[in-house]
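Remarks on the structure that follows.
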Amino acid sequence: MIKTYFRNLDSQKKIKPIRMKQENIRVRFAPSPTGPLHIGGVRTALYNYLFARKMGGKLILRIEDTDQNRFVPGAEQYILESLNWCGILFDEDVVQGGPYAPYRQSERSEIYKEYIRILLEKGHAYYAFDTEAELELRREKAKAEGRGAFQYDFRSRVLMQNALTLSEAEVASRIKSGHPYVIRIKIPENETIHLRDMIRGEVRVHTANLDDKVLFKSDGLPTYHLANVVDDYLMKITHVIRGEEWLPSAPLHVLLYRFFGWEGVMPQFAHLPLILKPDGNGKLSKRDGDRLGFPVFPIEWKDPKTKEIYAGFRETGYIPEAFINILVHLGWNPGTEQELFSMEELIAQFSLNRIGKSGSKFDPEKAKWFNHQYLSHKTDDVLLSLLAPQLEQHGVSASPEYMIKVIHLIKERVNLLPDLWNNSWFFFIPPKTYNEQVKSKIWRSTTAGLIAAFATEAENLSEFNHDTVHTLVENFTQKNQVKMGQLMNPLRLLIVGSNQGPGMMDIAGTLGKTEFLTRIRNGLSNLN
RNA sequence: GGCCCGUUCGUCUAGUCGGUUAGGACGCCAGGUUUUCAUCCUGGAAAUCAGGGGUUCGAAUCCCCUACGGGCUACCA
């Protein structure tokens with residue numbers, strides 16, 4: 001079966017359709033351990049995962065830690081734990097290894113040296129000795145003269161300190177004497193690079209707009225561009241699914257594949273739209289979470305330097321299925337009206353050609369709704385296992401049977417995990433305070449007497465459950481010529497402490513006669 | 001500044017070969033259910049498809065221009 005992924009049909013004549021059922025699909029998620037992964041990163045990992053599973057391929061996790069300056073301790077562990085919580089599993093990674101190990105770029109530095117040598121030999125890369133200060137000066141000057149940004153390219157490289165301007169002997173002696181250098185790619189002067197993106201169609205960039213990017217830094221490690229292309233090649237990656245921020249440098253990567261002679265096995269590119277701030281515009285960032293009151297990270301992150309704590313979806317009370325569902329819809333849709341998916345369903349239905357092109361804003365409200373959907377459809381056993389630790393946390397214990405009873409009464413009211421306790425605590429402990437606002441609204445001069453009379457009658461009930469209390473309430477209100485609300489609302493205030501919770505009969509029946517009457521009597525004396 | 005990408009209800013989006021009362025979901029509003037608060041049910045408001053030009057009998061859909069938004073422009077990824 002052949003399906004085309006391309007959306008720009010005007011250019012389809014030039015583009016060969018891609019076979020969907022391709023053998024040996026291999027994709028990778030390649031984060032940099034420079035801090036916590038935010039939801040954009042998780043979504044990229046998710047799409048890679050879904051695509052790999054859907055196609056019967058493999059998913060690789062590769063740690064791109066070639067920048068020693070930005071390395072953050074704990075970040076790699078955080079990435080592993082986050083993705084694991086989400087249920088995004090890898091076939092090859094830094095922990096379990098794999099046929100193309102190592103999967104940490106810092107452990108592959110010898111490999112990159114080999115490959116940069118090839119580029120040097122072929123004349124596609126060259127040594128450059130310009131210092132940071134010199135380059136900075138150029139940038140400032142260019143800016144001051146209003147020429148736009150300085151670019152190290154075919155126009156300017158002839159003016160710089162590099163192997164193209166210096167004699168061979170000079171270059172050799174500098175290197176020999178330990179003079180710091182970088183290695184830059186030599187971008188062709190006049191050519192249009194065609195890039196086929198599975199989401200965006202054909203993208204063309206003229207090489208005059210590209211600069212001679214550093215491929216190899218003076219610290220002996222490669223930059224992203226080199227390491228990424230070399231590793232994707234060596235690890236036999238077939239599809240590069242990554243964020244849109246990489247689109248501008250994709251032509252550079254195409255050029256690298258060509259220079260290495262790997263054009264025939266170059267992966268397909270799919271550049272994902274960005275996740276934007278919920279308010280205003282711009283890419284979602286670390287600070288937005290605290291500012292807007294929702295997490296932007298999958299799990300809690302403690303900054304090792306500043307000791308600051310950033311909230312995570314997990315700790316806020318989201319369950320992985322919901323979190324995954326929230327993320328998958330930020331840019332992808334199934335084309336049907338189905339909104340709730342299991343991971344299996346997502347795998348079955350996912351396809352890259354249903355990913356949109358425009359950035360999407362994260363909606364915290366809808367996120368809660370998703371969580372509510374999943375939580376309220378959980379089985380009793382699962383909900384029990386979620387509620388039990390919360391009781392323990394509050395120093396309360398109850399039998400599983402009792403907890404299940406409670407769960408039946410509150411499961412529809414839960415958005416986030418902590419709502420389990422927040423909506424049920426009064427089944428386990430009596431209220432310590434009584435909501436003043438509610439009291440002032442419902443409490444009348446006759447109320448206390450009415451409640452006391454009701455309590456006396458309730459005491460005489462031989463069977464105390466939902467139905468008998470219900471009958472009693474009906475008879476009592478009729479006999480005393482009061483409306484339901486006049487009795488029930490104050491009763492609720494005494495039992496629960498406010499105007500919330502499931503039906504009063506249910507609460508009464510669950511609590512039992514003794515506890516029910518105790519709370520009424522204590523409440524009555526506290527309120528008067 | 002330059003280069004690249006994008007633009008359908010407030011938000012996520014359907015609309016992939018041009019003809020739809022532009023559909024769904026969240027949120028919002030109203031009504032119903034309920035003794036309360038939620039849930040739930042029903043209904044409603046909400047997009048002149050960024051704007052302007054074309055092409056066409058007919059354009060959200062194809063072409064061009066403009067505007068706006070975003071990304072990139074490091075010896076960071």
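Sequence lines set the chain letters: A, B, ... in the order given, protein chains first and strands last, and positions in each chain run from 1. In what follows, every heavy atom counts, from backbone to side chain, and hydrogens, waters and symmetry copies are set aside.
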Quick one: salt bridge (charged side-chain N to carboxylate O under 4.0 Å, His left out) partners of [X], sequence neighbours excluded?
X: K479(A); result: E457(A)
X: D153(A); result: R155(A)
X: R519(A); result: E515(A)
X: D67(A); result: R70(A)

Distance check, [atom1] atoms only: [N] and [M], in whole angstrom units.
N: rC29(B); M: rG6(B); atom1: C1'; answer: 33 Å
N: rC76(B); M: rC62(B); atom1: C1'; answer: 41 Å
N: rC3(B); M: rA14(B); atom1: C1'; answer: 33 Å
N: rU73(B); M: rG15(B); atom1: C1'; answer: 36 Å
N: rU66(B); M: rC4(B); atom1: P; answer: 13 Å
N: rA22(B); M: rG58(B); atom1: C1'; answer: 16 Å
N: rA74(B); M: rU56(B); atom1: P; answer: 47 Å
N: rA46(B); M: rC40(B); atom1: P; answer: 25 Å

**Asked** So, Q349(A) versus Q338(A): side-chain donor-acceptor pair below 3.5 Å or not?
**Response** yes
**Item:** Donor-acceptor pair between R174(A) and Q161(A) side chains, under 3.5 angstrom
**Value:** yes
Between [X] ([atom1]) and [N] ([atom2]), how many Å, whole number?
X: L274(A); N: rC12(B); atom1: CG; atom2: P; value: 13 Å
X: N325(A); N: rC12(B); atom1: CG; atom2: C1'; value: 12 Å
X: F426(A); N: rC37(B); atom1: CZ; atom2: P; value: 14 Å
X: K357(A); N: rC4(B); atom1: NZ; atom2: C1'; value: 14 Å
X: I275(A); N: rU11(B); atom1: CD1; atom2: C1'; value: 14 Å
X: L340(A); N: rG24(B); atom1: CG; atom2: C1'; value: 14 Å
X: L487(A); N: rU36(B); atom1: CG; atom2: C1'; value: 13 Å

Counting any heavy atom closer than 4.0 Å, what does [X] reach on the DNA or RNA strands: base, sugar-phosphate only, or nothing?
X: H206(A); value: nothing
X: E412(A); value: sugar-phosphate
X: N499(A); value: base

**Item:** Contacting residues from residues 326-338 of chain A, given that a heavy atom lies under 4.0 angstrom of RNA chain B
**Value:** H329(A), L330(A), G331(A), N333(A), E337(A)
**Fill in**
The contact string for nucleotides 72-77 of chain B, one letter per nucleotide 5' to 3', using protein heavy atoms under 4.0 Å with B, S and - for base, sugar-phosphate only and none, comes out as S-SBBB
**Request:** Produce a footprint string for nucleotides 43-48 of chain B: one letter per nucleotide, 5' end first; B if the base is under 4.0 Å from any protein heavy atom, S if only the sugar-phosphate is, - if neither.
**Result:** ------
Charged N to carboxylate O below 4.0 Å: is that the case for [X] and [Y]?
X: E140(A); Y: K143(A); answer: no
X: K186(A); Y: D212(A); answer: no
X: D232(A); Y: R62(A); answer: yes

**Asked** Can you list every pair that meets ring-ring contact (aromatic ring centres under 6.0 Å, His included) and has a residue in residues 195-223 of chain A, with sequence neighbours left out?
**Response** none
**Asked** Under the criterion side chain to side chain contact (heavy atoms under 4.5 Å, CB included), which of T477(A), V482(A), L491(A) is the partner of L450(A)?
**Response** V482(A)
**Prompt:** Which residue, P502(A), P431(A), S498(A), forms the side chain to side chain contact (heavy atoms under 4.5 Å, CB included) with F426(A)?
**Reply:** P502(A)
Could you identify the nucleotide paired to [N], looking across every strand shown and requiring Watson-Crick or G-U wobble geometry with both distances under 3.5 Å?
N: rC49(B); answer: none
N: rG18(B); answer: none
N: rG69(B); answer: rC5(B)
N: rG44(B); answer: rC28(B)

**Item:** Residues which pass ring-ring contact (aromatic ring centres under 6.0 Å, His included) with F150(A), listed by chain and number, not counting sequence neighbours
**Value:** none
**Request:** Please lay out, stage by stage, how T131(A) and F129(A) fare under the test side-chain contact (heavy atoms from CB on, under 4.5 Å).
**Result:** CA-CA 6 Å; T131(A) 64; F129(A) 302 97; over 6 Å; no
**Prompt:** Could you give all pairs that pass the side chain to side chain donor-acceptor pair (under 3.5 Å) test and reach residues 32-47 of chain A, with sequence neighbours left out?
**Reply:** none
What protein N or O atoms touch nucleotides 26-28 of chain B N or O atoms at under 3.5 angstrom, if any, and at what distances?
{"residue": "rC26(B)", "atom": "O2'", "partner": "K366(A)", "partner atom": "N", "Å": "3.3"}

**Complete:** Contacts of L137(A) meeting side-chain contact (heavy atoms from CB on, under 4.5 Å) (sequence neighbours excluded), chain-then-number -> none
